*Asks:* 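Encoded as structure tokens, here's the structure I'll be asking about.
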Amino acid sequence: MTSAVIDMRSDTVTKPTAGMRRAMAEAEVGDDMSGEDPTVNRLEALMAERLGKEAAVFACSGTQSNQMGVRTHCLPGDELLIESTGHIANFEQGAPAALSGVTCRLINGNHGMLDVGDLEGKIRADNQHLCITRLVCLENTTNAGGGRAYPQDQIDRVCDWAHRHELKVHLDGARLFNAVVATGMSAADICRNIDTISVCFSKGLGCPMGSVLVGSKEQIVKARRVRKLFGGALRQAGIVAAGALYAMEHHVDRLQVDHDNAKAFAEAIRAIDGITLEPADAETNLVFFSIDPELGNAAQLSAQLKRRGVRINASGPQRLRACTHLDVDREMVLRAAETIAESVASGFAGALGAEFGPYARG
Ligand SMILES: *Cc1c(COP(=O)(O)O)cnc(C)c1O
């Protein structure tokens with residue numbers, strides 16, 4: 001028995017390792033707003049190369065780099081098309097509208113993923129009553145959609161359709177490298193037909209902060225202006241960029257461990273009476289499951305787990321999301337699964353009132 005809390009709320013809870021902290025402490029820095037931080041410049045060049053694009057710009061957060069992408073492609077009054085569970089539309093405080101005057105048109109897909117059949121007929125006609133459809137936003141891996149990695153032919157098909165209709169494609173790749181590891185594709189191959197890509201370093205890659213927006217030279221010049229407008233142009237950002245460079249070297253391949261642990265966790269909770277996996281299997285590092293309403297709700301189960309030293313948040317009235325990451329190992333995720341089994345067996349509906357807690361979406 002150990003009393004350490006097993007925190008599976010999100011891969012954002014990871015803390016920088018000793019090696020990462022050392023790399024950050026030793027970073028060469030300069031004034032990034034003037035393009036003079038050598039470590040930021042190195043990171044931007046590396047990310048452009050890894051994703052097979054011309055340029056990249058460092059940003060504070062995934063929300064910021066996504067919104068830089070939206071603003072780069074769209075004008076006020078324009079509309080973007082996005083799957084109905086997409087982060088850009090649901091979990092960024094309405095930023096497309098608030099920051100860029102852009103409307104999100106929500107489209108139902110499959111596990112957070114869009115295909116051409118979902119998108120056909122959704123482009124507004126050229127008519128003074130209608131806004132201009134400008135952009136398609138994809139998410140890979142999907143978050144609220146269920147932790148899925150897109151099949152490559154589906155991404156290519158959607159991009160081809162979008163480009164034929166003069167739309168741009170932005171990828172919310174907060175967990176792009178989970179998709180890389182899950183599919184065995186290179187990041188450049190995944191992104192080959194996508195215009196701009198946002199990648200987070202602060203999720204499974206284990207950095208304290210930082211994201212990057214990657215695209216063509218022309219788009220990134222525009223995005224760099226937008227970054228300043230959105231308050232994200234930084235000074236000696238090399239301190240944090242050094243953590244991201246460290247993560248690109250040391251924390252990409254190990255995402256497979258997180259995926260394997262998620263699978264082991266999913267298998268262990270599958271057998272519990274009253275728990276249903278949704279989707280039915282874990283493909284990456286996110287495991288979604290629901291609790292039978294006869295036993296209680298997700299907020300109550302989450303509260304009971306917290307009492308027993310396991311942190312897993314509700315992501316809906318009956319749904320919970322567990323996340324594996326570099327600060328939980330196999331033994332811990334199996335212990336978490338056991339704690340769920342014990343909580344379900346002993347009853348948890350008294351753990352909290354009928355109120356639902358806030359749904360964490362990071
Ligand atoms: C975490 C996340 C983001 C970025 O969120 P921040 O809170 O700004 O880091 C964007 N998209 C998805 C799918 C995410 O999971």
Side-chain angles (χ1 to χ4, degrees), residues 7-16 47 57-71 80 82-96 98-100 104 106 109 111-114 135-150 155 169-180 182 190-191 194 196-214 223 226-227 230-232 234 237 240 243-244 247 255 258 262 283-288 313 315-316 319 321-326 358-362:
D7 195 341
M8 296 175 70
R9 285 173 299 173
S10 177
D11 42 12
T12 59
V13 303
T14 50
K15 296 190 179 146
M47 296 310 291
V57 55
F58 188 64
C60 298
S61 69
T63 297
Q64 188 172 68
S65 48
N66 274 334
Q67 296 306 326
M68 284 157 55
V70 169
R71 180 67 170 240
L80 63 80
I82 187 167
E83 208 281 333
S84 57
T85 60
H87 197 280
I88 288 174
N90 292 278
F91 308 117
E92 300 186 4
Q93 228 186 80
L99 300 181
S100 300
C104 294
L106 304 185
H111 289 129
M113 298 180 290
L114 290 173
L135 177 68
V136 175
C137 290
L138 304 179
E139 193 171 302
N140 196 22
T141 62
T142 63
N143 179 348
R148 289 340 232 192
Y150 264 89
I155 298 184
V169 180
H170 171 78
L171 177 70
D172 178 353
R175 296 186 178 84
L176 176 68
F177 286 95
N178 292 86
V180 165
I190 291 176
C191 300
I194 300 172
T196 53
I197 305 98
S198 159
V199 180
C200 286
F201 299 111
S202 60
K203 302 280 170 83
L205 295 179
C207 297
M209 65 173 284
S211 280
V212 74
L213 184 74
V214 187
V226 173
R227 178 179 73 157
F230 290 175
L234 300 170
V240 274
L255 291 171
D258 297 345
E283 194 175 302
T284 60
N285 70 328
L286 303 175
V287 183
F288 289 86
N313 279 343
S315 69
R319 202 173 187 225
R321 189 194 76 172
C323 183
T324 58
H325 52 76
L326 86 174
Y359 303 146
R361 298 302 194 171

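Here the structure is a predicted model, which means the values were calculated and not measured. Both counts, for ligands and for their atoms, begin at 1 and track the order of listing.
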*Asks:* Below 4.0 Å, non-hydrogen atoms only: which portion of I88 touches ligand 1? Side chain, backbone, both or neither.
*Replies:*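 It is neither; nothing of I88 touches ligand 1.
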
*Asks:* Taking both backbone and side-chain atoms of N143, is any N or O found less than 3.5 Å from an N or O belonging to ligand 1?
*Replies:*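 It does: an N or O of N143 is found under 3.5 Å from an N or O of ligand 1.
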
*Asks:* Looking only at non-hydrogen atoms, which of K203, E139, Q67 approaches atom 15 (O) of ligand 1 most closely?
*Replies:*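 The residue whose heavy atom sits nearest atom 15 (O) of ligand 1 is K203.
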
*Asks:* Of T85, T63, D11, N66, which has the heavy atom at the shortest distance from atom 6 (P) of ligand 1?
*Replies:*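 Among T85, T63, D11, N66, the closest heavy atom to atom 6 (P) of ligand 1 comes from T63.
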
*Asks:* If you define the side chain from C-beta out and look only at heavy atoms, does anything of F91 sit under 4.5 Å from T85?
*Replies:*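 Counting from C-beta outward, F91 and T85 never come under 4.5 Å.
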
*Asks:* Quick one: does I194's side chain get under 4.5 Å of H170's, heavy atoms only?
*Replies:*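 Not touching, per the 4.5 Å side-chain cut-off.
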
*Asks:* Select one of side chain, backbone, both or neither to describe which atoms of D172 lie under 4.0 Å from any atom of ligand 1, heavy atoms only.
*Replies:*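 Only the side chain of D172 comes within reach of ligand 1.
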
*Asks:* Taking side chain as C-beta onward, heavy atoms only, is Q64 less than 4.5 Å from S211?
*Replies:*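 Q64 vs S211: side chains apart.
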
*Asks:* Does the pair L234 and C60 meet the rule for a side chain to side chain contact (heavy atoms under 4.5 Å, CB included), with working shown?
*Replies:* CA-CA 9 Å; L234 300 170; C60 298; 4.0 Å; yes

*Asks:* Please list, in number order, the atoms of ligand 1 under 4.0 Å from a heavy atom of S61.
*Replies:*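 In order of numbering, the contacting atoms are 8 (O).
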
*Asks:* Does L80 reach the side chain of V136, with side-chain heavy atoms less than 4.5 Å apart?
*Replies:*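 Not touching, per the 4.5 Å side-chain cut-off.
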
*Asks:* In terms of atom number and element, which parts of ligand 1 are under 4.0 angstrom from non-hydrogen atoms of E92?
*Replies:*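 Those of ligand 1 that fall under 4.0 Å from E92 are 10 (C).
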
*Asks:* Under 3.5 Å between any N/O of Q64 and any N/O of ligand 1: does that happen in this structure?
*Replies:*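 Between Q64 and ligand 1 (N or O atoms, distance only) the closest approach is not under 3.5 Å.
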
*Asks:* Is the shortest heavy-atom distance from the side chain of M209 to the side chain of F201 under 4.5 Å?
*Replies:*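 In short, these two side chains do not touch, never coming nearer than 4.5 Å.
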
